[in-house]
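Right, one structure below, let's go through it.
The chains referred to below are lettered A, B, ... by the order of the sequence lines, with proteins before strands, and numbering in each begins at 1.
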Amino acid sequence: MRWGLVPAWFKEDDPSKMQYNTSNCRSDTMMEKLSYKVPLVKGKRCVVLADGYYEWQQRNGQKQPYFIYFPQTVQGMFNKSDIEDEDPKGQRLLTMAGIFDCWISPNGGETLYSYTIITVEASKSVSSIHHRMPAILDGDEAVEKWLDSAEIPTQEALKLIHPIENLAFHPVSTVVNNSRNNTPECIIPIQLDLKKTKGQQVQHVCVLHLCSTCPGDRG
DNA sequence: CCAGACGTTGTT
DNA sequence: GTCTGG
DNA sequence: CCAGACGTTGTT
DNA sequence: GTCTGG
């Protein structure tokens with residue numbers, strides 16, 4: 001599926017001619033915006049899987065990127081093959097709530113499936129990085145309800161869209177700033193230079209969280 | 001009724 | 001300044 | 001989100 | 001295709 005929702009009624013022959021951003025969808029207005037409301041009430045709900053997402057923190061004029069993800073099990077965290085293999089095992093992927101639509105080019109051809117990722121206010125746990133975050137479904141039950149548009153009506157499903165606290169994060173290299181870069185360096189933790197200047201407090205930086213709900217972890 | 005929009009991030 | 005591509 | 005382009009003539 | 005503004 002293509003990221004950036006192309007509404008079913010889009011009239012140009014090329015989706016790249018869309019003149020407005022549909023990569024994200026504000027949860028507070030998605031029942032008012034035509035591009036999202038229409039597919040949403042038709043039950044076109046999807047889940048977007050990712051290792052994590054990046055967000056940039058404004059730090060005294062500079063932008064510091066962070067990688068944000070579900071807390072991992074100890075086993076998953078130290079499984080070296082996760083970093084080196086294309087097919088990581090034992091890694092808990094982020095499950096972000098999305099809306100999709102289907103579009104057929106006026107020239108015909110295959111149906112294009114495309115999606116948008118819902119955004120919400122940042123939760124307390126990530127609010128020091130940025131004031132917005134993707135809507136994340138925390139757990140199988142939430143994921144299954146979001147996907148089950150046959151049984152779970154829109155109004156019920158919308159209750160699943162809210163900020164969540166259960167996240168871990170760490171600062172990463174600005175290598176990630178150029179989206180042409182797609183290397184392990186994009187997600188490897190870096191040490192921030194927390195140079196103290198007079199009268200400034202050094203902020204606590206969360207490097208890694210363990211998952212307190214996983215039996216093998218000790219918080 | 002028709003015409004025109006249909007969107008978010010951020011910033012100030 | 002604003003848009004496109006990734 | 002950030003980085004990078006932002007243009008036309010002609011030539012090979 | 002469907003809603004809002006005029």
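Taking atom P in both B:dG4 and D:dA5, one finds a spacing of 36 Å when rounded to whole Å. Across the P atoms, B:dA3 and D:dT9 are found 37 Å apart, a figure rounded to whole Å. D:dG7 and C:dC3 are spaced 15 Å apart, taking the C1' atom of each and rounding to whole Å.
In this structure, A:Trp56 does not count as stacked on the base of D:dC1 under the 5.5 Å centre distance and 30° plane angle limits. A stacked arrangement is not assigned to A:Tyr20 and the six-membered base ring of B:dG7, the conditions of a centre distance below 5.5 Å and an interplanar angle below 30° not being jointly met.
Across all strands shown, A:Thr119 has heavy atoms under 4.0 Å from sugar-phosphate atoms exclusively, and none from any base. Among the heavy atoms of the strands, none lies under 4.0 Å from A:Tyr54. Note on A:Lys42: nothing from the nucleic acid sits closer than 4.0 angstrom, heavy atoms only.
A:Met31 and A:Ile117 fall within the same hydrophobic cluster, defined by Ile, Leu, Val, Met, Phe, Trp and Tyr side-chain heavy atoms under 4.5 Å apart, directly or through other members.
A salt bridge is defined here as a Lys NZ or Arg NE, NH1 or NH2 lying under 4.0 Å from an Asp or Glu carboxylate O, and A:Glu121 with A:Arg132 meets this definition. Between A:Arg92 and A:Asp138 there is a salt bridge, since a side-chain N of the basic residue sits under 4.0 Å from a carboxylate O of the acidic one.
Put simply, A:Asn177 has a side-chain N or O that comes within less than 4.0 Å of OP1 or OP2 on D:dA3. Between C:dC3 and A:Gln19, no contact under 4.0 Å exists linking OP1 or OP2 to a side-chain N or O. For A:Arg132, a side-chain nitrogen or oxygen approaches OP1 or OP2 of B:dT9 to under 4.0 Å. The phosphate of B:dT8 (OP1 or OP2) has no side-chain N or O of A:Ser23 nearer than 4.0 angstrom. The phosphate of D:dG4 has neither OP1 nor OP2 within less than 4.0 Å of any side-chain N or O from A:Arg180. Distances shorter than 4.0 Å separate some side-chain N or O of A:Asn178 from OP1 or OP2 on D:dG4. Taking side-chain N and O atoms only, A:Lys63 has no distance below 4.0 Å to OP1 or OP2 of D:dC1.
One N or O donor and one acceptor, one from the side chain of A:Asn21 and one from the base of B:dT8, sit under 3.5 Å apart.
Proximity of the aromatic rings of A:Tyr69 and A:Phe67 is defined here by a centroid distance below 6.0 angstrom, and this criterion is met.
You'll find the side chain of A:Thr119 stays beyond 4.5 Å of the side chain of A:Met133, heavy atoms only.
Each of B:dT11, E:dC3, C:dG6 was ranked by its minimum atom distance to the side chain of A:Ser179; first place goes to C:dG6.
Between A:Gln58 atom CD and D:dC2 atom C1' there is a gap of 12 Å when expressed in whole angstrom units. The distance from atom CH2 of A:Trp3 to atom P of B:dT9 is 11 Å, rounded to the nearest whole Å. The distance from atom CZ of A:Arg26 to atom C1' of D:dC1 is 16 Å, rounded to the nearest whole Å. Atom CD1 of A:Ile187 and atom C1' of D:dC1 are 18 Å apart (whole Å). Across the protein-nucleic acid pair, A:Asp101 atom CG and E:dT2 atom P stand 11 Å apart, rounded to whole Å.
Base pairing of E:dC3: its partner is B:dG4, meeting the Watson-Crick or G-U wobble criterion (both donor-acceptor distances under 3.5 Å).
Between the side chain of A:Thr116 and the backbone N or O of A:Thr22, at least one donor-acceptor pair lies under 3.5 Å.
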